[in-house]
Amino acid sequence: ANVAGLAEAIYGSGKGYSIVQYITISTGVGGGLIIDNKLISGAQGAAGEIGNMIILSNGTKHSNLNTGALEGLCSGTAIDRLAKERKITNEGAKKVFELAAGRNKDAKQLIDEMIDYLAIGIANITHTVNPDVFVLGGGVTESLKKYSLIDVLVEKVKGYVYASLRDSVNIKAAKLGTKAGLVGAAILPKFR
């Protein structure tokens with residue numbers, strides 16, 4: 001996530017912004033924080049790693065993460081698990097998005113919940129880091145794009161941030177796709 005975020009900040013959807021928070025939403029949820037084209041690692045190398053952020057204190061336990069962690073609520077793996085538990089489908093997160101778009105009430109509710117949890121996470125980051133732009137990558141983001149749900153996410157985030165920050169909520173889908181990690185790894189020495 002860190003090197004993909006760096007690539008997006010330098011060449012992708014974050015280009016031209018001073019503070020870029022990259023979020024990958026795929027089998028897991030990860031992040032990378034890039035300030036003035038420099039990857040920020042933090043004291044122990046965990047800066048920008050948002051997947052373990054507690055969103056729902058009484059939520060479910062997912063993997064080795066905190067109970068109610070963002071990854072356990074928003075990742076493709078979590079959507080798949082919840083869809084199976086709720087008997088929506090056994091065919092994965094992409095199918096859940098497809099069913100939600102086809103007006104399956106239970107699938108739509110699950111995706112609405114996922115977007116709400118993600119909005120809470122982004123609002124928390126907005127209040128602590130206040131980035132110029134959030135760049136979202138990963139397979140779940142591809143589904144958000146495909147079904148025009150990024151604007152829905154933006155509106156939800158606006159409902160969770162200070163009124164003075166609402167007009168500056170800026171969320172974009174990543175541009176570099178699966179090549180972002182390779183590009184970021186190649187340029188890392190130059191932008192550290």
Okay, side chain of E71, backbone of G30: is any donor-acceptor separation there less than 3.5 Å? no
Hits for side chain to side chain donor-acceptor pair (under 3.5 Å) against Y117, two or more places apart or cross-chain, chain-then-number order -> none
Tell me whether L182 shares a hydrophobic cluster with L176, the cluster being built from Ile, Leu, Val, Met, Phe, Trp, Tyr side chains joined at under 4.5 Å. no
Step-by-step side chain to side chain contact (heavy atoms under 4.5 Å, CB included) determination, T60 to T67: CA-CA 5 Å; T60 58; T67 299; over 6 Å; no
For the residue pair Y22 and A1, what are the closest heavy atoms and their distance? CD2-O, 3.4 Å
So do I122 and I23 actually touch side chain to side chain, heavy atoms under 4.5 Å? yes
Give the minimum heavy-atom separation between G139 and S26, together with the two atoms involved. N-OG, 3.7 Å
When rounded to the nearest 0.5 angstrom, what is the spacing between CG in N52 and OG in S63? 9.5 Å
Is there a side-chain contact between N170 and D132 (heavy atoms, below 4.5 Å)? no
If you round to the nearest 0.5 Å, how far is CG of L136 from CD1 of I25? 5.0 Å
Would you give the length of the straight line joining atom CG of L144 to atom CD1 of I171, rounded to the nearest 0.5 angstrom? 10.0 Å
All heavy atoms of G14 vs all of V133, minimum pair found to be CA-CG1, 4.2 Å
Please lay out, stage by stage, how L165 and V169 fare under the test side chain to side chain contact (heavy atoms under 4.5 Å, CB included). CA-CA 7 Å; L165 296 173; V169 172; 5.6 Å; no
Using 4.0 Å as the upper bound for N to carboxylate O, is an ion pair formed by E91 and K84? no
ring-ring contact (aromatic ring centres under 6.0 Å, His included) contacts touching residues 125-179 (sequence neighbours left out): H127-Y162
Within this structure, what is the CD1-CG distance for the pair I88 and D80, rounded to the nearest 0.5 Å? 10.5 Å
With a cut-off of 6.0 Å (strictly less than), are more than 12 heavy atoms of other residues, nucleotides or ligands near CD of Q44? no
Would you say the side chain of I150 lies within less than 4.5 Å of the side chain of K145, judging by non-hydrogen atoms? yes
Examine distances only and state if a side-chain atom of K61 and a backbone atom of L65 form a donor-acceptor pair shorter than 3.5 Å. yes
Identified salt bridge (charged side-chain N to carboxylate O under 4.0 Å, His left out) partner of E113 from the options K108, K156, R86: R86
Basic-acidic side-chain contact under 4.0 Å: K94, E98: no
Between the main-chain N or O of S13 and the side-chain N or O of E8, is there a donor-acceptor pair closer than 3.5 Å? yes
L110-L70 co-clustered via ILVMFWY side chain contacts under 4.5 Å: yes
Would you say V152 ends up clustered with I111 if hydrophobic residues are merged whenever their side chains have heavy atoms under 4.5 Å apart, either directly or through other cluster members? yes
Output for pair (C74 SG, I115 CD1), nearest 0.5 Å, gives 9.5 Å
Side chains of L118 and V140: does their closest heavy-atom pair fall under 4.5 Å? no
Using side chain to side chain contact (heavy atoms under 4.5 Å, CB included), reason through L33 and I19 one step at a time and then give a plain yes or no. CA-CA 8 Å; L33 177 60; I19 304 172; 4.1 Å; yes
Quick one, M114 and L73 - any side-chain contact, counting heavy atoms below 4.5 Å? no
Shortest non-hydrogen separation from G181 to V3 and the atoms involved: O-CG2, 3.5 Å
Within the 4.5 Å heavy-atom criterion, are N124 and M53 side-chain neighbours or not? yes
If I take atom CD from residue Q109 and atom CG from residue L82, how far apart are they, to the nearest 0.5 angstrom? 11.0 Å
For S75 and G72, indicate whether the former's side chain and the latter's backbone hold a donor-acceptor pair under 3.5 Å. no
What's the shortest heavy-atom distance between G76 and A93, and which atoms? O-CB, 3.7 Å
With clusters defined by side-chain heavy atoms of hydrophobic residues (ILVMFWY) lying less than 4.5 Å apart, directly or transitively, does V154 cluster with I50? yes
Hey, could you give me each pair passing side-chain hydrogen bond (donor to acceptor under 3.5 Å, both in side chains) that has a residue in residues 171-190? Not counting sequence neighbours. Y17-K172
Between T24 and V29 (side chain of the first, backbone of the second, donor and acceptor by atom type, cut-off under 3.5 Å), is there such a pair? no
So do the side chains of I120 and D116 get within less than 4.5 Å of each other, counting heavy atoms only? yes
Applying a strict under-4.5 Å side-chain criterion to I, L, V, M, F, W and Y, I'd like to know whether L39 and Y11 cluster together. yes
A69 backbone acceptor or donor facing N66 side chain under 3.5 Å: no
Is there side-chain contact between N2 and I34, with at least one heavy-atom pair below 4.5 Å? no
Could you tell me whether the side chain of D36 and the main chain of K38 form a donor-acceptor pair under 3.5 Å? no
